[in-house]
Amino acid sequence: MATHTNNSAPNHSAPNSSNSNNNSNNNSNNNNSNNSSSNKSSSNKNATDTASASHLADQLPKLGFGVGLRSCHFEWLLKNDLNPAALNPVERPVDWFEIISENFMDNHGFAHYMLDRVRERYPIVMHGVSLSIGSSDPLNWNYLTKLNALIQGIQPAWVSDHICWTGISGVNTHDLLPLPYTEESLRHVIQRVNEVQDFLQRPLVLENPSSYLQFQQSELTEPEFINALCAETGCGLLLDVNNVFVSSFNHGFDAEEYIRALPHKQIVQMHLAGPTHCGSHIIDTHDTEVPRQVWQLYQLAQQLTPECSTLLEWDANIPEFPQLVSELNKARQALTGELPGKELHYQPAQQNSGPVVSTPAHHNLQAHNLNEHHNLNEHRNLDEHYNLDEYRYAEAE
Amino acid sequence: MQKLNELQHWFGRAVIRRELDYDTLLETIVDNEQLSAERRLGVYAEGYQLRLLECMRAEYACLDALLSRELFDRFALNYLSARPSTSYTLFDLGGEFALFLANTRPPMPEGSEQQTAMKMPEQLAQLERYRVMSIRGKGSEHSEIPTLDATILLFQPNFLFKRTDTSFVMATDFDFSPAIEAVDNDQQPDFPEQKSQHLLIYRQGYRVKLMTLEPWQALFLQSCDGHYSWQAQQHLVSEQLQLSGGDLLSQLITWLPQMVSMGVLELVEQEGTIGSQKAVFSMI
Ligand SMILES: [Fe+2]
């Protein structure tokens, strides 16, 4: 298969040129009390300067406690929180929202309208799933140009993606695939992070992935890889505490040791989520409550990076908004020293017979929300008339 | 040691194409008692297929509900293996599904009942795709919609109209509307009744709606691409459908303003005539 042809680099601006739309929290309506003026000190600096000047965690705003903006909550938000009649500027259910960047690229419909309404009241963070920073394919400049346009329109507090690759030869798996932690891949990722930061004129924030396999050739641990990446590029770390828990179980490392080994001054955000225990391994499903083990790790992480912005991810079997908020409030509770949540164990009886799919790239802005599927037996015979094997599209060029 | 590029191609073959090279598996992936290297890789291979399949089921929910789950999945998986995603967005994933179904439809005598029945999946897939495109388009919710009426139209035979990016017209051999409505309400759809019709998919106030059209309305809307004046389109429609020009005109001058106010059509600003168009509206 030949490489994707849409990836020619555009003539973008010089890497170190200044940019007034830099990484400060530009949301004028952000009245979160956690925002100190010192957090806005990075305006008008480019990514490279920012990296060398001081630690990212001190420069970016402390947003408090947020959730992902999901289409199934639009109605609740419109009726309650965004309803002028019900609006209470003091009591906001959450402090901020995170969006999946790709769900708002090329999307000009109701979702975008809702985003604009939410933006009037809340800080927004953009979280991407298709940067594919670790792929050996060329950077996708078409994607980056659209990402940049969305950044300019939304003015997020920061922009994040994952330490992973998502595809090869132009094919996107829409999954967050693991990298071998070698010197070669470290150099490759460092070079690409620098290129992207120069293009976007802001530091990138990258998330530790959850993984189900490790490569024999890895020479570095994940924290070693992350430390070197942050040190050399100035990029930030989005610490997904649940991912640490998932990967530590799957690969048998000590999760606390992992968290202690991270570059804490570069951690600008934390993710929390609920995974699924499959007995031999744990899958990052984002479809349930955060387990006790993750809250325990979160307490440790918050001790090491105090007041770090926290985001609850919930992407399948999504509960009603008030229930989501009460799950998020457990994070506030955890910071008072209490340990919320139930311990996650393998419970074969509760396991669905179907396969478990991780949902990092949830397709949550679709048109339909059909939960039940029905067979129409009288039309099953359609099957016999089709011969799908006869037809094949030409191989991707 | 494999280079990063080689390793990623190896991984891609195993996960995307399910071509697992057992000779190099243990050299490449850590294998232990807890979970074998093959099962570890399998988590990604299964996840890849199921994640994309779920996206297809969500986008083509009505087709999924009308066919058996097994059959829908077969269609979708064949489509996904023939056309793996090359886009950064999952929105593009199902973009050619209707075309794929049309191209894989077995040959049947032209115009036969069997052939028509076989066209149901591709037509419904096209309709569901248009609905998603309509949901995501710019639409007219933020545009200033001109107040248009029969008098203004009669004075402005050269006005150009085009369909908004949230409006689509298609001909179907089935009445899909009840099935679509049932699925939207989480109900079991009945198999659509066979019935030739023209359908308009459009968005108004961010809601995507369906409307059946008369043949002249469908032909008129299809020719609304911003290149011909509405009067030229009127002539074209009356000629092609052998309709009396006068009758068509009297229907058009009341129907066209409705299409504009519903966000189906927009008035194209013409160079040199924008001022005059605005002047006409300001007179109202
Ligand atoms: Fe995460």
Side-chain angles (χ1 to χ4, degrees), chain A residues 4 102 105-110 113 130 135-136 140 143 165 167-175 177 180 182 184-185 188 212-217 250 252 280-281 283 355 357-358 361 363 366-368 370-376 378-380 382-383 385-388 390-393 396, chain B residues 1-5 7-9 11-12 15-16 27-30 34-35 37 40-41 43-44 46-48 50-52 55 58-59 61 64-69 71 74-75 78 82-91 103-104 106 118 131-132 135-139 183-184 186 188 191 206:
Chain A
H4 197 38
E102 290 78 3
M105 288 159 82
D106 311 315
N107 187 347
H108 311 282
F110 184 62
Y113 164 81
S130 287
S135 174
S136 45
N140 185 336
Y143 169 75
W165 59 290
I168 191 76
S169 299
V171 173
N172 189 353
T173 65
H174 299 279
D175 196 0
L177 305 173
T182 61
E184 185 206 0
S185 53
H188 179 66
Y212 312 103
L213 60 77
Q214 286 177 312
F215 294 101
Q216 296 280 15
Q217 59 176 271
N250 293 342
S280 55
H281 57 292
I283 292 192
V357 189
S358 64
H363 197 227
Q366 269 303 334
H368 313 288
L370 184 71
N371 298 319
E372 291 190 17
H373 302 276
H374 308 283
N375 294 344
L376 292 175
E378 66 271 33
H379 292 283
R380 275 192 165 165
L382 271 173
D383 195 6
H385 297 282
Y386 276 80
N387 184 0
L388 292 160
E390 274 178 13
Y391 179 80
R392 283 281 176 271
Y393 264 66
Chain B
M1 185 163 82
Q2 282 175 301
K3 286 202 159 295
L4 180 64
N5 182 303
L7 180 77
Q8 290 181 336
H9 277 96
F11 197 101
V15 167
I16 300 165
E27 285 166 31
T28 310
I29 289 168
V30 174
Q34 185 185 340
L35 197 62
R40 288 175 182 277
L41 196 56
V43 172
Y44 290 97
E46 257 179 45
Y48 166 71
L50 286 168
R51 184 175 304 104
L52 300 187
C55 293
E59 180 162 344
D64 181 32
L66 282 172
L67 303 176
S68 66
R69 168 52 63 87
L71 178 57
R74 253 191 74 195
F75 285 162
N78 276 286
R83 191 191 172 283
S85 171
T86 54
S87 171
Y88 56 84
T89 166
L90 283 164
F91 169 62
N103 286 337
T104 50
M118 290 294 118
R131 290 185 82 209
V132 173
I135 284 170
R136 295 173 61 101
K138 283 200 175 68
V183 171
D184 282 350
D186 282 355
Q188 175 172 352
F191 200 84
Y206 290 118

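These values consider heavy atoms only, across backbone and side chains, with no hydrogens, waters or symmetry-generated copies. Computed from a prediction, not measured in an experiment: that's the story for all the values here. Here is how names work: the chains are called A, B, and so on, in the same order as the sequence lines, proteins then strands, and each is numbered from 1.
- A 4.5 Å side-chain heavy-atom check between B:I29 and A:F215 finds at least one atom pair inside the cut-off.
- Ranking B:S85, B:G139, B:G47, B:G12 against chain A, the residue ahead of the rest is B:S85, based on heavy-atom pairs under 4.5 Å.
- Between A:H188 and B:L4 the shortest heavy-atom distance is CD2-CD2, 3.5 Å.
- Ring geometry for B:Y88 versus A:Y143: interplanar angle of 30 to 60°, hence tilted.
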Before giving the answer on side chain to side chain contact (heavy atoms under 4.5 Å, CB included), spell out for A:I168 and B:F11 the whole-Å C-alpha distance, their side-chain angles and the decisive distance to 0.1 Å.
-> CA-CA 9 Å; A:I168 191 76; B:F11 197 101; over 6 Å; no

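- Put simply, the side chain of A:H174 reaches to within 4.5 Å of the side chain of B:L52, judged on heavy atoms.
- Under the side-chain contact (heavy atoms from CB on, under 4.5 Å) criterion, B:N5 pairs with A:S136, B:H9, not counting sequence neighbours.
- Taking the side chain as every heavy atom from C-beta outward, A:D175 and B:R51 approach each other to under 4.5 Å.
- Closest heavy-atom contact between B:V30 and A:Q216: CA-NE2, 3.8 Å.
- Residues B:V43 and A:I283 come closest through the heavy atom pair CG1-CD1, 3.9 Å.
- The CG atom of B:L35 lies 9.5 Å from the CG atom of A:L213; values are rounded to the nearest 0.5 Å.
- Taking both residues in full, the closest heavy atoms of A:N107 and B:I135 are given as OD1-O, 4.4 Å, listed atom of the first, atom of the second, then distance.
- With sequence neighbours excluded, the residues satisfying side-chain contact (heavy atoms from CB on, under 4.5 Å) with B:Q34 are A:F249, B:N32, B:R40.
- Taking CD1 of B:I16 as the reference point, atom OG of A:S169 lies at 8.0 Å (rounded to 0.5 Å).
- The minimum heavy-atom distance between B:Q2 and A:E184, with the atom names listed, is O-OE1, 4.5 Å.
- A heavy-atom distance below 4.5 Å is found between the side chains of B:Y48 and A:T173.
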